[in-house]
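Before any comments, here is the structure.
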Amino acid sequence: MKITFIADTHHYSKTLGTTGKAYELRSGSDQKCLGETGEIIDSAFAQIAKSDTDAVFILGDVSNDGEMVSHFEFREKLYELKKSKPVYIITATHDWCCDENPRRFSGDAVFNDVEVMKSEDLPEFYKDFGPEQAIDKFITKIGTVCYTVQLSEKVRVLCLNDDKNENDHAGFTESCWQWIEKQIKNAEKDGCLMIGIEHHLLIPHISALFNAGTCVANREYVASRLADAGLKYMFVGHSHIQATDRFTSEKGNTITEVNVGSLCGYPAPIVNVTVNENNTLTYDVDHLNTIVIGGREIDALPFLAKHSTAIVNRLLECKTKEDFEERLTALQLDGKKFGPLWIIAKPVLHKLDTMLAYDVYRMLKFLGLAKGVTKEDARQFRYKPLKEFINEVFLSVFDGAMNPKESGSAYYKLVMAPVSAASKFIRNDNLGKQLEEAVDYVLTGGEINNQHATI
């Protein structure tokens, strides 16, 4: 059996505004696209429809911010895909606008008068994409649905909504836990492989320094309870990164988690999974090939990469204090608070924008901080702008080291040298070590190949 997983489509209706300063600030401060989501989803669904997959699962945050108009448009796209493939979805917090901040844009202004979907209305609205086909289901405390589907005689998928636990954090209430454990036990009794999906992470891939906040609350407890119940595989979204890691409980039970990146941001991963006869899974990460925008077909990866790295480049290219404050605010930081730092930030940002990688090596060498990097290593990148290194490492965070760097390579050593130098100035030795381990993971991809593996 072949199954396709995609995540975080974040569909945004163009009726909410795609021009003006307010929209440009919002769009330019996000790794994922905004106004182009419709075209991206259409192109991805067309690509999936032509594939040999047996079923498609979408791992939550299907709408941008729960806007009613975005949901109606997205559901039409689902019906179109369903003509070719069975489609199942789970919803997540963006689908009912949990932060109560829906937005539309016009000129310089942002408006919040946008009608949004309520959490309790989602199961009925998307009933044709999972709930109606379920062999069992559970309604959560906020009215969303968890359900189990029987894909074949030997394969089931446990589709979980983990928006709220009993403390209103991501996770599950005790009554939901009882239902989950019953589903896993029933699958074992019936001789079926159970595959789990939910939106939030069990494991902070890359490092807890950066994305522990993307996990369920009490993540080790949740991961342990699922593993000890007998669940071996979990597919998640939310963090927008492509990564695979394992967690082993104190009882010695292991669950493997595949974090699927966002479809509407670089690198638009489409994770194709083959269920093997011995109940292992083999995944191959495909990517969106092309997008049709304005009637013109363009290569998807360069377009999405350029959009994603704009987050970094727009900040480096700030010309005025006003630019600096506005772009920080768009990144959900306090622009006014950091505004007074512009006098210091301006020359630093300019240097980062114009320096060559070789200049960094010479500076570290002068300071005695270029340990492990030879002149020959640095000369390989003598004319490479530092900004290119920054952009490449930034993209590697999301693509799961699609182009991994070996730990002994010149590229690896040149990137790690300033990271190691920075870690020396961090008073907390453990924090410095975590920083180095995180960058190592980004460059190498970690222990498990994030693009192709049998798990």
Side-chain angles (χ1 to χ4, degrees), residues 2-20 23-24 26-53 55-59 61-64 69-85 87 89 105 237 240-242 260-272 283-314 388 391-392 394-396 398-400 402-403 451-452:
K2 296 183 178 180
I3 310 171
T4 294
F5 296 92
I6 58 175
D8 294 85
T9 51
H10 285 281
H11 178 56
Y12 173 86
S13 172
K14 292 182 188 293
T15 64
L16 300 168
T18 58
T19 60
Y23 170 80
E24 293 298 332
R26 171 68 185 86
S27 177
S29 63
D30 201 326
Q31 169 260 347
K32 66 183 188 295
C33 292
L34 198 61
E36 300 84 4
T37 54
E39 290 91 340
I40 291 170
I41 294 165
D42 287 342
S43 297
F45 283 6
Q47 185 172 318
I48 293 168
K50 295 175 184 176
S51 74
D52 63 350
T53 192
V56 182
F57 286 82
I58 306 177
L59 308 178
D61 280 357
V62 299
S63 73
N64 179 58
V69 63
S70 298
H71 275 296
F72 272 99
E73 290 179 3
F74 182 72
R75 189 172 64 173
E76 287 307 305
K77 297 178 189 300
L78 290 178
Y79 278 121
E80 186 63 29
L81 178 59
K82 193 177 180 182
K83 293 176 183 177
S84 303
K85 306 291 180 184
V87 186
I89 78 165
F105 306 92
H240 295 196
I241 66 174
Q242 190 66 43
V260 180
S262 171
L263 183 71
C264 64
Y266 174 86
I270 298 170
V271 180
N272 298 309
Y283 64 77
D284 289 280
V285 181
D286 197 0
H287 299 95
L288 180 60
N289 296 323
T290 59
I291 313 169
V292 178
I293 296 182
R296 187 169 63 93
E297 188 173 71
I298 61 174
D299 290 338
L301 283 184
F303 175 83
L304 296 170
K306 183 178 180 181
H307 177 86
S308 293
T309 54
I311 299 177
V312 177
N313 296 338
R314 283 166 60 87
E388 283 189 24
N391 286 339
E392 288 168 359
F394 181 74
L395 292 176
S396 190
F398 298 102
D399 67 27
M402 194 157 41
N403 300 298
Q451 315 306 318
H452 169 83

Decide yes or no for I291 and E297: does some side-chain heavy atom of the first lie under 4.5 Å from some side-chain heavy atom of the second? no
Quick check against the 3.5 Å criterion: does K85 have a side-chain atom that pairs as donor or acceptor with the backbone of I48? no
Would the distance check show the side chain of S29 and the main-chain N or O of R26 forming a donor-acceptor pair, the cut-off being under 3.5 Å? yes
Judged by modelled atom types alone, do T15 and S13 share a side-chain donor-acceptor pair under 3.5 Å? yes
Below 30° counts as parallel, above 60° as perpendicular, anything between as tilted: where do the rings of F105 and Y12 land? tilted
OG/S43 to CZ/F45 distance, rounded to the nearest 0.5 angstrom? 11.0 Å
Could you tell me whether F5 and F57 have their ring centroids closer than 6.0 angstrom? yes
Nearest 0.5 angstrom please: L288 CG to C264 SG, how far? 11.0 Å
For residues T4 and V271, determine if any side-chain heavy atom of one lies less than 4.5 Å from a side-chain heavy atom of the other. no
Have D399 and Y266 got a donor and an acceptor in their side chains that come within less than 3.5 Å? yes
Calculate, to the nearest 0.5 Å, the distance between atoms CG and CD1 belonging to D286 and I270 respectively. 5.5 Å
Crowding at CG, D299 (>12 non-hydrogen neighbours, <6.0 Å): no
Side chains of N272 and K2 in contact at under 4.5 Å (non-hydrogen atoms): no
Any heavy-atom pair between the side chains of E36 and T18 that's under 4.5 Å? no
Check: E39 and V292 side chains under 4.5 Å, non-hydrogen atoms: no
Are any non-hydrogen side-chain atoms of P267 and L395 less than 4.5 angstrom apart? no
State plainly whether the residues K32 and D8 are in salt-bridge range, i.e. N to O under 4.0 Å. no
Rounded to the nearest 0.5 Å, what separates atom OG in S63 from atom NE2 in H11? 9.0 Å
Short side-chain to backbone donor-acceptor contact, S308 and Q31, under 3.5 Å: yes
Taking the side chain as every heavy atom from C-beta outward, state whether Q451 and D284 have any atom pair closer than 4.5 Å. no
Nearest 0.5 Å, what's the CE-CG distance between M402 and L301? 5.5 Å
Do K82 and L78 come within less than 4.5 Å of each other through their side chains, counting heavy atoms only? no
Using a strict 4.0 Å threshold on nitrogen-to-oxygen distance, state whether R75 and E80 make a salt bridge. no
